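Computed over heavy atoms, backbone and side chain alike; hydrogens, waters and symmetry mates excluded. Just so you know, these numbers come straight off a predicted model, no measurement behind them.
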Amino acid sequence: MRTPRVSAVRGPGLAPAAGRGGPGEELPASRPYETECHRMQYPVGPPTHPPMPAVPPPPPGQDAATGHFPLAEAARTASVAVLLIGPAGAGKTTVARHWADTRRVPTAHVSLDDVREWVRSGFADPQSGWNDHSEAQYRLARRTCGFAARNFLANGISCILDDAVFPDRPVVGLGGWKRHVGPGLLPVVLLPGLEVVLERNAERTGNRRLSDEEVARIHGRMAGWYGSGLPIIDNSQQDVATTARLLDEVVARSLTGR
């Protein structure tokens, strides 16, 4: 008895095996399972892969290649004089002190309120009323701050000053600061929302704490800085460290003219 031959499953373009499926021999029809095996051995088309997740863009100011913040880095090493402007309770002194503490170059912090309170006996408290006496002491404190800032800069030490400078009052305006410090002074406005300012003012003690009415009046006048062209930082939802980093970015843009 002749044993029947079973043909092998062949891929496309392959020659029949020797002695099998030669001329004159009839091949049996492919069975379903043989066709499936064929597909598994010889897949059609390119291999498929799961899609790669999208890479999120870097945060604003961050270099995508290095992960650094070049503008902020430049601001931390430049020799500058910054004037931080804002109403009572804006966090000027706290932010200015933190900014000076964390820079990579020597930096001094000078607060006009601190200098004004160097006068112990005969101190003219502005809360008792703005008059010739309080204005004279303010002008003296501002000149002293400007003198200190110039001396710091002349000796390679940067400086940040803070004061409640009003946009609509020349006596306590920006012109006097530029006159005493120099034209290179970089003014930056720190202006959180009124609710935040009122909350921070309530935590103050002594003559630094103002009435809610006075805080609201000062805050309303500070809104005049909008449209002035000065950089404004709203730190209502920012902590001190984040606000200081935003200040770095503002200073760097001012230095590079961006």
Side-chain angles (χ1 to χ4, degrees), residues 81-99 109-117 119 123-146 149 159-181 183 185-238 240 243-244 246-247 250-251 254:
V82 177
L83 174 62
L84 201 56
I85 300 170
K92 300 185 300 298
T93 300
T94 304
V95 171
R97 184 181 295 119
H98 179 86
W99 189 77
H109 168 227
V110 181
S111 173
L112 181 129
D113 284 343
D114 290 344
V115 173
R116 187 164 54 182
E117 291 176 1
V119 178
F123 172 63
D125 190 346
Q127 294 191 50
S128 301
W130 188 263
N131 50 42
D132 293 342
H133 194 34
S134 56
E135 180 180 327
Q137 289 193 4
Y138 172 84
R139 289 177 179 272
L140 175 61
R142 187 174 60 186
R143 286 198 304 272
T144 303
C145 291
C159 186
I160 182 168
L161 311 105
D162 67 84
D163 183 24
V165 181
F166 291 96
D168 60 347
R169 193 169 184 179
V171 172
V172 289
L174 191 57
W177 278 108
K178 289 186 175 181
R179 184 168 59 253
H180 294 305
V181 178
L185 180 67
L186 300 177
V188 181
V189 181
L190 199 62
L191 191 56
L194 177 58
E195 296 79 7
V196 175
V197 169
L198 289 170
E199 181 180 345
R200 293 174 181 172
N201 178 71
E203 298 173 355
R204 291 181 160 191
T205 58
N207 65 343
R208 296 291 180 94
R209 181 172 180 174
L210 307 178
S211 66
D212 288 351
E213 293 77 10
E214 182 70 7
V215 170
R217 185 183 67 83
I218 294 175
H219 186 274
R221 293 178 65 180
M222 288 289 173
W225 287 117
Y226 285 105
S228 66
L230 294 185
I232 297 177
I233 299 175
D234 181 355
N235 61 326
S236 300
Q237 305 298 325
Q238 313 295 342
V240 174
T243 305
L246 294 175
L247 179 58
V250 169
V251 171
S254 298

Chi angles and distances behind the side-chain contact (heavy atoms from CB on, under 4.5 Å) call for Arg209, Asn201: CA-CA 6 Å; Arg209 181 172 180 174; Asn201 178 71; 4.1 Å; yes
Review item, side-chain donor-acceptor pairs of residues 185-195, under 3.5 Å, at least two apart:
none

Atom CG of Asp168: over 12 foreign heavy atoms under 6.0 Å: yes
[X] to [Y] - nearest heavy-atom pair and separation:
X      : Y      : result
Ala88  : Ile218 : N-CG2, 4.4 Å
Asp162 : Ala96  : OD2-CB, 4.3 Å
His98  : Ala244 : CD2-CB, 3.5 Å
Trp130 : Arg116 : CZ3-NH1, 4.4 Å
Trp225 : Val165 : NE1-O, 3.0 Å

List the atom pairs, donor and acceptor, that lie under 3.5 Å between side-chain atoms in residues 171-181 and the rest of the protein, sequence neighbours left out.
{"from": "Trp177", "atom 1": "NE1", "to": "Asp163", "atom 2": "OD2", "distance (Å)": "3.0"}

Interatomic distance, Arg139 atom CZ to Thr144 atom OG1 [nearest 0.5 angstrom]: 13.5 Å
Short side-chain donor-acceptor distance under 3.5 Å, Asp234 and Ser236: yes
Ile233 and Val250: CA distance, side-chain angles, deciding distance, side-chain contact (heavy atoms from CB on, under 4.5 Å) verdict: CA-CA 9 Å; Ile233 299 175; Val250 169; 4.1 Å; yes
Sub-4.5 Å side-chain heavy-atom contact between Val196 and Glu199: no
Val82 and Trp99, any side-chain heavy atoms less than 4.5 Å apart: yes
Whether Asn235 side chain and Ala90 backbone form a donor-acceptor pair below 3.5 Å: yes
Main-chain N/O of Gly86 paired with Lys92 side-chain donor or acceptor, under 3.5 Å: yes
Which residues share a side chain to side chain contact (heavy atoms under 4.5 Å, CB included) with Arg97, sequence neighbours left out: Thr93, Asp101, His109
Full working for salt bridge (charged side-chain N to carboxylate O under 4.0 Å, His left out) between Arg217 and Glu213: CA-CA 6 Å; Arg217 185 183 67 83; Glu213 293 77 10; over 6 Å; no
Under-4.0 Å salt bridge between Arg200 and Glu203: no
